[in-house]
There are 2 protein chains.
Amino acid sequence: MATISDIGVSAGINILSAFVFLVVFAVLRVQPWNDRVYFPKWYLKGLRTSPIESGTLVGKFVNLDFRSYLKFLNWMPEALRMPEPELIDHAGLDSAVYLRIYLLGLKIFVPIAVLAFSILVPVNWTNNTLEKTDLTFSDLDKLSISNIPLGSPRFWTHLVMAYAFTFWTCYVLKREYATVASMRLHFLASEHRRPDQFTVLVKNVPPDPDESVGELVEHFFLVNHPDHYLTQQVVYNANKFSSLVAEKRKCQNWLDYYQIKFSRNPSTKPTTKTGFLGICGARVDAIDHYTSEIARISGEREKVVSNRDAIMPAAFVSFKTRWAAATCAQTQQSRNPTQWLTEWAPEPRDVYWDNLAIPYVSLAIRRLVIGVAFFFLTFFFMIPILFVQSLANIEGIEKAVPFLKPIIEMKVIKSVIQGFLPGLALKLFLIFLPSILMIMSKFEGFISLSTLERRSATRYYIFQFINVFLGSIITGTAFQQLDNFIHQSATEIPKTVGVSIPMKATFFITYIMVDGWAGVAGEILRLKPLVIYHLKNWFLVKTEKDREEAMDPGTIGFNTGEPQIQLYFLLGLVYAVVSPILLPFIILFFALAFVVYRHQIINVYNQEYESGAAFWPDVHGRIVGALVVSQLLLMGLMSTKEAAQSTPLLITLPVLTLWFHRFCKGRYEPAFVKYPLQEAMRKDTLERAKEPNLNLKSFLHSAYVHPAFKEVDNEGDESDEDLVSTKRHQSKHSSKHSFSSLAEDPERSLL
Amino acid sequence: MATISDIGVSAGINILSAFVFLVVFAVLRVQPWNDRVYFPKWYLKGLRTSPIESGTLVGKFVNLDFRSYLKFLNWMPEALRMPEPELIDHAGLDSAVYLRIYLLGLKIFVPIAVLAFSILVPVNWTNNTLEKTDLTFSDLDKLSISNIPLGSPRFWTHLVMAYAFTFWTCYVLKREYATVASMRLHFLASEHRRPDQFTVLVKNVPPDPDESVGELVEHFFLVNHPDHYLTQQVVYNANKFSSLVAEKRKCQNWLDYYQIKFSRNPSTKPTTKTGFLGICGARVDAIDHYTSEIARISGEREKVVSNRDAIMPAAFVSFKTRWAAATCAQTQQSRNPTQWLTEWAPEPRDVYWDNLAIPYVSLAIRRLVIGVAFFFLTFFFMIPILFVQSLANIEGIEKAVPFLKPIIEMKVIKSVIQGFLPGLALKLFLIFLPSILMIMSKFEGFISLSTLERRSATRYYIFQFINVFLGSIITGTAFQQLDNFIHQSATEIPKTVGVSIPMKATFFITYIMVDGWAGVAGEILRLKPLVIYHLKNWFLVKTEKDREEAMDPGTIGFNTGEPQIQLYFLLGLVYAVVSPILLPFIILFFALAFVVYRHQIINVYNQEYESGAAFWPDVHGRIVGALVVSQLLLMGLMSTKEAAQSTPLLITLPVLTLWFHRFCKGRYEPAFVKYPLQEAMRKDTLERAKEPNLNLKSFLHSAYVHPAFKEVDNEGDESDEDLVSTKRHQSKHSSKHSFSSLAEDPERSLL
């Protein structure tokens, strides 16, 4: 095991590399050319315009104000300055609550670390068990539980600490759950009128030979909710149409481009060729050509709407009041529980349209298939990778492409291939894993993006738990572990894992530094979006709209980000009693990540949907799970230390923790799943008093139209676009004072 | 192990004893004096009057018609004759569906037995593995899987059979679930107006300093369900009052008795003494005394009602329509999910009044306490019993009560004590176990009798599974098993159990005959109620009402009966592949039990409540559980038989079975948990059309009054009693033709 100085060197390197990232970031972000990469959120909000359009020629590309380089870390206090309510207003509740996970990490681990360093570390240090053995050991091990002699009464300290840490964690978790739940309820109560408050998604409408789906839905709800039913919107299978729309968008873009070209140079009419990529085919007038193309595609819409086969047995049903929508979403409609299924309509942006019409039996089978597939993915993913690796060696390549043999045989290339190829398959797999998991979730049939992300996050966490956490502690592939575990007794498993834990502390410290510190610092640099944006900007961007689209603000990425944080919670809780030396590293990760992600959420990410922090029960549940795992492993470890009298006391810990979980579930989870009628009624009453003449029907009219249709509609309907842009301009002015602290960006004052 | 002839003799003895029970039953039931013991259901329905009141003196006590003795088994076809819809009408859906569990056993096991005996038994029989070994074996073993040599390809037969049995069981289970679900929905749809259809139980009403609970509830629901709220009924803590009522009932009874006495002999006014048991104290006029006593107790009611402390933070809230009640019961009311909890009001008879006002935190703690207590009860119940046994020996008794020494030292008594005492503690424990489990469920805080019984049944099944099923297969106490299991690997446990299974076939055959056959035949004899009824009738019965109360019709006893059936399902499924010889015994049990319980349900049991077959999901779930256990044990057994290639095929079986369970849960369980709005609306509409002037408020007025108050109310309110008795008389006449088949009882034709 590494000594403290080894760890120190490693930490130094990682801190340095993180620092380099931060410096590079500080330099890059003040360059006007990168403005759209580092502040896309503000562009999307319409609160920032390109600094390139004004200023001197050089000033357009390079920031010449040296003062802005000196204050290169001032984004940090800036990121922390925005108060939470404003952050919720700016980026949504999801993002604000996501940040609270990092804060939660600090709240849990800082007091635990203080306690551990003031009590556990001295207790561990003042032994000389390791010195008596002839094992090689380092100062790091002297700080851990390994330094306590077998059967020593000092283990009582660890036992008491395990209780203290558990109670503290549970206390913080409970308080946080309460806070988030009330934040969510407050958010739901205070937000503006939104279509999903009045709307319920009805799935599995039974087929009827005499009526169309729309009529059937209308009749059903007129009969069963006579006083409350307002309107409905059937769901179309628009997959085919979506591709048409994409094509149309391209045409529109070309049309804009040629129109601008023509307006700048009215003497020559721009022409294009109708063939592949405008290179071959007959030469035609470009503006006429694209105008007629657009008209043709718009005509297709009518065909899809009138085509009965494209109507899916699902509909969005809207009610006159929130109260009625809440009751309808939470009750069963028909005596056949697989028909007329109602649930809350997701926010329009959040709907995953492809999955709205999967029959019940198909859904059940999909769940089974994905369950089995995920099991094999988790435990047997190494098998295809080993297979690919066995193929992708020098001999295999030489056999497949013999003419490349002379090149491959060159020494340099040969060594690169030999060093690079074996790891490539695994690297590629790990890069694509989140996408694979997302595809699995999509296949499983969830109907909203937020649920898809939550499900993928769960799976990703399980994968990481087995392949990173357990896989690092007990070496061997997941399948070998599985094989070991089913051949070991229930008491043996925690022992096997528990015993190896203290020995792996160094490994995990390095892991935290590389994956955590450097990873987070790399996140703020946004290297990939930076490169892609500039490439696009050089080669593809034709119109202002293109440039807007070339910006890739990205999202928080709940499905990959949250499992990563959870891994740190797991490590922290497991090592808190065993090797408290890990804790400062984890605390530093949480602090750094909190600042970085707060900055990114304020300036970069553009959340695609708003689920109102619906993910919190998952976060809470996984931390409790990590707590139970840590308790079981501690029990296993203690039982090998001949501190057997501790077992009954240690066994009550997971029992109490699981009970705590059930308690919290009953107490707080309903806030994330149900919508209390009292709240709905209060909002309805308030609204009726404020706006007695509200025309809700027109408000809801096109809320749940498939985005492909909507796009076509909007293009034809200029007034709608006006409305949007007016809103945008309005917000530009009206909200300036509230964002004044952020409007004072260094670049802004420069121009 | 026993030979086939051994089993034959044992079967003969048990069949004979069952036959004797049936003959005794046939003789006893036609005696007029026992009429109330064997036909209490008809008395309670008011469809039968005592045969003693008419006929000759001797005919009153002994049945002299010898023809009725000859047809002594004709109760069997009689019991089977009543069609199911009539049975539901007569005894309720709970009882009718309970009988379907026995039928389900026949449906599952008869085809399985046919298949097993035509395929598996020949395959097993035509080996000579056992003959080659020097083990002692019997013909019975030759029929079982033990007779197949290690690694034989014949195991493929067992594998295919395991699949066939699983698919058949699942198919029958699914069909049955569908049938019961539709029966339940039909029952709910076709039944008459019942208060619980309109009523919701509101628990955890938050305290309010300004308003009483009643006002608070009224205001809350007027605000949040303005168009639907009808009325409310707060819940009183009537435990103290209940005892007063019991006292009053006794007084009333004495009053009746003296009034009858006085009316028969108007010359002497009856007197009584006010002291203990009417033996000492001042002599007073009996009628006056009891009249004033009753008045005094009635006065107490006002005190309780006006006492604010007796009001509990819970209420029954009634709505104008079933639709509104259904929506309110299934939604969350307040933003704090531990306040204003709403759920379906149980049927008034079904309410367990003591548990209506337990706060949320207390409930959560009670669950934990009972969970831990049940764990210890299941695994460590032998410890106190062994302790008691160690105390309750001859020496212990002599020490405790030295003056009894000479008696105890007598040889006869000594041997009785020595033979009897050690088993006594265990016997007593097992007799009281269902009551202990029921007390645990009550402490846990369930609010309806049906839930209490269901919960107790689950616990009783788990107890039996561990202590009877596993305990018989692996000898040793439950605690020793637990200790073994946690020290064995996950693959080892099914092996350990699986290997012992074939060897225990004889034991379980005997168990089925003694517990099943003789037990069921004993059930029909009703020895205990018979004796108690006659004792009461001799010593205690003073008035006609007393006689009515002396009848103890009993109930099905779901909490003890269902776990017993489930044990047979478990045995049948486990042994179907291993030793099919067990199947005929199980089939005979199911057939006999079906006839006996059908007879009892028609003639004897008086169900206390009607839950609408809400227990079916439990029944279904436990059979699926038994199926999975059988598959795992088969896997364990097969892996010791060197038929390892079968493992992957066997592992898919539990996966598929569990998936099947989830599928059924989603497809059918909602019918037992939720109430579809479509149904509610249909009933509401129908009712509005039929009875436009219905006064629902008066109908619901006293539906959910605590039975103690109700009793007092009823006494004062004669019109109410009239209504009941009128109904009863009405049903006596109107339903006579529908029960004509049963009205032709031999005894009836006799009088």
Side-chain angles (χ1 to χ4, degrees), chain A residues 181-182 185 189 220 223-227 323-324 326-338 340 360-361 363-365 367-368 371-372 375 484-493 652 655-656 658-659 662-663 666-671 673-682 685, chain B residues 181-182 185 188-189 220 223-227 323-324 326-338 340 360-361 363-365 367-368 371-372 375 484-493 652 655-656 659 662-663 666-671 673-682 685:
Chain A
S182 84
L185 286 172
F220 184 85
V223 167
N224 293 306
H225 297 264
D227 307 331
W323 187 92
T327 54
C328 180
Q330 295 176 58
T331 49
Q332 189 188 335
Q333 307 305 313
S334 133
R335 57 186 291 172
N336 183 339
T338 63
W340 297 107
Y360 181 79
V361 178
L363 263 187
I365 293 170
R367 298 260 150 98
L368 174 69
V372 172
F375 174 81
N484 280 337
F485 283 165
I486 61 170
H487 286 103
Q488 277 178 340
S489 77
T491 47
E492 210 55 44
I493 296 169
T652 49
V655 172
L656 286 176
L658 289 175
W659 175 81
R662 275 193 63 181
F663 173 82
R667 176 68 184 78
Y668 299 113
E669 206 181 279
V673 184
K674 296 174 175 176
Y675 188 49
L677 293 186
Q678 195 181 17
E679 296 283 302
M681 187 52 95
R682 193 177 291 159
T685 316
Chain B
S182 83
L185 287 173
L188 293 180
F220 184 86
V223 167
N224 292 305
H225 297 264
D227 307 331
W323 186 93
T327 55
C328 180
Q330 295 176 55
T331 50
Q332 189 187 335
Q333 307 305 313
S334 133
R335 56 186 293 170
N336 182 341
T338 62
W340 296 105
Y360 181 79
V361 178
L363 262 187
I365 293 170
R367 297 260 150 97
L368 175 68
V372 172
F375 174 83
N484 279 337
F485 282 165
I486 63 169
H487 286 104
Q488 275 179 340
S489 78
T491 48
E492 210 56 44
I493 296 169
T652 50
V655 172
L656 287 176
W659 174 80
R662 276 193 61 180
F663 173 82
R667 176 68 185 79
Y668 299 112
E669 204 180 281
V673 183
K674 297 174 174 176
Y675 188 48
L677 292 187
Q678 195 181 18
E679 299 282 304
M681 188 50 96
R682 193 177 291 158
T685 315

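Residue numbers begin at 1 in each chain, while the letters A, B, ... track the order of the sequences.
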S.K.: Measuring only between side-chain heavy atoms, which start at C-beta, is B:Val361 closer than 4.5 Å to A:Phe663?
M.R.: yes
S.K.: Looking only at heavy atoms, which two atoms of A:Phe220 and B:Gln678 are closest? And how far apart?
M.R.: CE1-NE2, 3.4 Å
S.K.: Among B:Val655, B:Val372, B:Ile365, who wins on heavy-atom pairs under 4.5 Å with chain A?
M.R.: B:Ile365
S.K.: Considering only heavy atoms, which portion of B:Leu656 lies under 4.5 Å from any heavy atom of chain A: side chain, backbone, both, or neither?
M.R.: side chain
S.K.: Between A:Glu669, A:Lys674, A:Arg667, A:Arg662, which shows the greatest number of heavy-atom pairs under 4.5 Å with chain B?
M.R.: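 Sorted descending by pairs with chain B, the first entry is A:Arg667.
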S.K.: Quick one, A:His225 with B:Leu677, criterion side chain to side chain contact (heavy atoms under 4.5 Å, CB included). Give me CA distance, side-chain angles, the key distance, then yes/no.
M.R.: CA-CA 9 Å; A:His225 297 264; B:Leu677 292 187; 3.5 Å; yes
S.K.: Between A:Val673 and B:Gln332, is there a side-chain heavy-atom distance shorter than 4.5 Å?
M.R.: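 B:Gln332 does not reach A:Val673 side chain to side chain.
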S.K.: Give the member of A:Leu363, A:Leu368, A:Thr327, A:Leu658 that has the highest number of heavy-atom pairs under 4.5 Å with chain B.
M.R.: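 If we count pairs closer than 4.5 Å to chain B, A:Leu368 comes out on top.
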S.K.: Answer yes or no: is there a donor N or O on one side and an acceptor on the other, between the side chain of B:Trp659 and the main chain of A:Ala364, under 3.5 Å?
M.R.: yes
S.K.: Using every non-hydrogen atom in the two residues, find where A:Asn224 and B:Trp323 come nearest and quote the distance to one decimal.
M.R.: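 Reported closest heavy-atom pair: O-NE1, 2.8 Å.
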S.K.: Chain B heavy atoms under 4.5 Å from A:Ala326: which part of the residue, side chain, backbone, both or neither?
M.R.: backbone
